[in-house]
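Right, one structure below, let's go through it.
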Amino acid sequence: MISIATWNINSVRLRMPIVERFLVEQAPDVLCLQEIKTVAELFPYDAFNALGYTHHAVHGQKGYHGVATVSRIPLNEISRHNWQDNGEARHVGVELLGPGKGMVLENVYVPAGGDEPDRTINPKFGQKLDFLERMTRWAETVDRPTMIVGDFNIAPLESDVWNHKQLLKVVSHTPVEVETLERFKDAHGWIDVGREHIRDPQRYYSWWSYRSKDWKENDRGRRLDHMWASPELAKQVTGHSVHEACRDWEKPSDHVPLVTEFDL
DNA sequence: ATGACTAATCAAATTAGA
């Protein structure tokens, strides 16, 4: 059995205390982090090594973005896709070499897309859609058992948001984004592992804004984080969990971690 | 609809998240 986790950590250096707590309590074999907000040279390798996570693939950047995959299982970094087409650090791909050998694990941070869902007045929105189109062209070529996880910044289903009608024109839940994400899904036949286990229309969120006095009180969440698997690999999934409790820890990220377990 | 927040950079105010 192996387990893989994903978490948009919103600054890994600031949040090492809760990362350590999560690793001690949940002990995933692999953890994929997004928004590490640091260059690789300043990544807290020692703290991960001390907990047994001695294998790392860090694609960092100063101040913004950045992704990292840390693991107790030996891994080999195999790719850093430039789906943003501007050099931003938003992807790192690895293959597992120990248990789960042969699995490719893609860690991605899709751009948020700005405020206005119209590419003619908001270039960031167009950049987001173009990013997804490049991912789709890549997905058509995937021919190995692959898991793609991370912050997709899109909540596709009505049950992925606290209020579907109210969010239809809010970036992350607009029809054009949902349709673009659907094309990416179809390009490889990805299985939405999270939704296999917490099925629509059950409530499933992974992000709650910092701008709420009490995130739990009105529960205005969105499912922005995803774990998708190749069809054959998805058959090996035995469990999936959302760790909402982490949103209440000291100095939390606005995202919570997801964990998928495999019979591998 | 918006924002009551938070982080990095840089050292006061700006950019960004979503």
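Worth saying up front: this structure is predicted, and the values here are computed from it rather than measured. Just so it is clear: chains get the letters A, B, ... in the order the sequence lines come, proteins before strands, and each one is counted from 1.
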Which other residues belong to the hydrophobic cluster containing Val171(A), where Ile, Leu, Val, Met, Phe, Trp and Tyr are joined when side-chain heavy atoms lie under 4.5 Å apart, directly or via other members?
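Besides Val171(A), the hydrophobic cluster comprises Phe125(A), Leu129(A), Val176(A), listed by chain and residue number.
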
For Trp207(A), which fellow cluster members are found when Ile, Leu, Val, Met, Phe, Trp and Tyr are connected by side-chain heavy-atom distances below 4.5 angstrom, either directly or through intermediates?
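Members alongside Trp207(A): Leu224(A).
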
Please tabulate, for side-chain N and O atoms in residues 44-52 of chain A, each donor-acceptor pair with protein atoms closer than 3.5 Å (sequence neighbours left out).
unit_1: Tyr45(A); atom_1: OH; unit_2: Ala40(A); atom_2: O; d: 3.1
unit_1: Asn49(A); atom_1: OD1; unit_2: His56(A); atom_2: NE2; d: 3.0
unit_1: Asn49(A); atom_1: ND2; unit_2: Tyr45(A); atom_2: O; d: 3.4

Would you be so kind as to tabulate the donor-acceptor pairs closer than 3.5 Å made by side chains of residues 102-113 of chain A, with sequence neighbours excluded?
unit_1: Glu106(A); atom_1: OE1; unit_2: His91(A); atom_2: NE2; d: 2.6
unit_1: Asn107(A); atom_1: OD1; unit_2: Gln34(A); atom_2: NE2; d: 2.9
unit_1: Asn107(A); atom_1: ND2; unit_2: Leu33(A); atom_2: O; d: 3.3
unit_1: Asn107(A); atom_1: ND2; unit_2: Ala68(A); atom_2: O; d: 3.1
unit_1: Asn107(A); atom_1: ND2; unit_2: Thr69(A); atom_2: OG1; d: 3.2
unit_1: Tyr109(A); atom_1: OH; unit_2: Glu35(A); atom_2: OE1; d: 3.4
unit_1: Tyr109(A); atom_1: OH; unit_2: Glu35(A); atom_2: OE2; d: 3.3

If you check every side-chain atom of Tyr109(A), which of dA8(B), dG17(B), dT9(B) has the closest atom?
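Per side-chain heavy atoms of Tyr109(A), the pick is dG17(B).
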
Would you indicate what [X] reaches in the nucleic acid, counting non-hydrogen atoms under 4.0 angstrom: base, sugar-phosphate, or nothing?
X	result
Asp214(A)	nothing
His173(A)	nothing
Asp115(A)	base

Take the protein atom [atom1] of [X] and the nucleotide atom [atom2] of [N], then report the distance between them rounded to whole Å.
X	N	atom1	atom2	answer
Lys128(A)	dA16(B)	NZ	P	16 Å
Asn10(A)	dA7(B)	CG	C1'	6 Å
Glu35(A)	dT15(B)	CD	P	18 Å

Given side chains that start at C-beta, do those of His226(A) and Pro156(A) come closer than 4.5 Å, heavy atoms only?
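Yes; the side chains approach each other to less than 4.5 Å.
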
[N], OP1 or OP2 - any side-chain N/O from [X] closer than 4.0 Å?
X	N	value
Lys37(A)	dG17(B)	no
His65(A)	dA8(B)	no
Lys251(A)	dA7(B)	yes
Ser11(A)	dT6(B)	no
Lys124(A)	dG17(B)	yes
Asn153(A)	dA18(B)	yes
Asn8(A)	dG17(B)	no
Arg15(A)	dA7(B)	yes

For [X], side chain to side chain contact (heavy atoms under 4.5 Å, CB included) partners two or more places apart:
X	answer
Asp200(A)	Leu157(A), Ser159(A)
Ser212(A)	Asn218(A)
Val39(A)	Glu41(A), Leu42(A), Lys62(A)

Rounded distance in Å between the P positions of dA16(B) and dA1(B):
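Between the two P atoms, the distance is 24 Å.
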
For dA18(B) and dT6(B), measure between their C1' atoms and round to the nearest Å.
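Nearest-Å result for dA18(B) against dT6(B) at atom C1': 13 Å.
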
Strictly below 4.0 Å, heavy-atom distances to any atom of DNA chain B: list the hits from residues 203-212 of chain A, or just say none.
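Of all residues in residues 203-212 of chain A, the ones placing a heavy atom under 4.0 Å from DNA chain B are Trp207(A), Tyr210(A), Arg211(A).
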
Can you pull out the residues from residues 219-227 of chain A that lie within a 4.0 Å heavy-atom distance of DNA chain B?
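Within this stretch, Arg222(A), Leu224(A) sit under 4.0 Å of the strand.
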
In sequence, state the C-alpha distance, the side-chain angles, and the governing distance for Arg222(A) and Ser172(A), and then conclude on side-chain hydrogen bond (donor to acceptor under 3.5 Å, both in side chains).
CA-CA 9 Å; Arg222(A) 306 178 204 170; Ser172(A) 73; 3.1 Å; yes

Reading DNA chain B from 5' onward, which residue's closest nucleotide shows up sooner: Ser172(A) or Val12(A)?
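The residue mapped nearer the 5' terminus is Val12(A).
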
Return whichever of Lys213(A) or Gln166(A) has its heavy-atom-nearest nucleotide of DNA chain B closer to the 5' end.
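Result of the comparison: Gln166(A).
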
Ser230(A) to Arg144(A) - nearest heavy-atom pair and separation
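In this case the closest contact between Ser230(A) and Arg144(A) is OG-O, 3.6 Å.
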
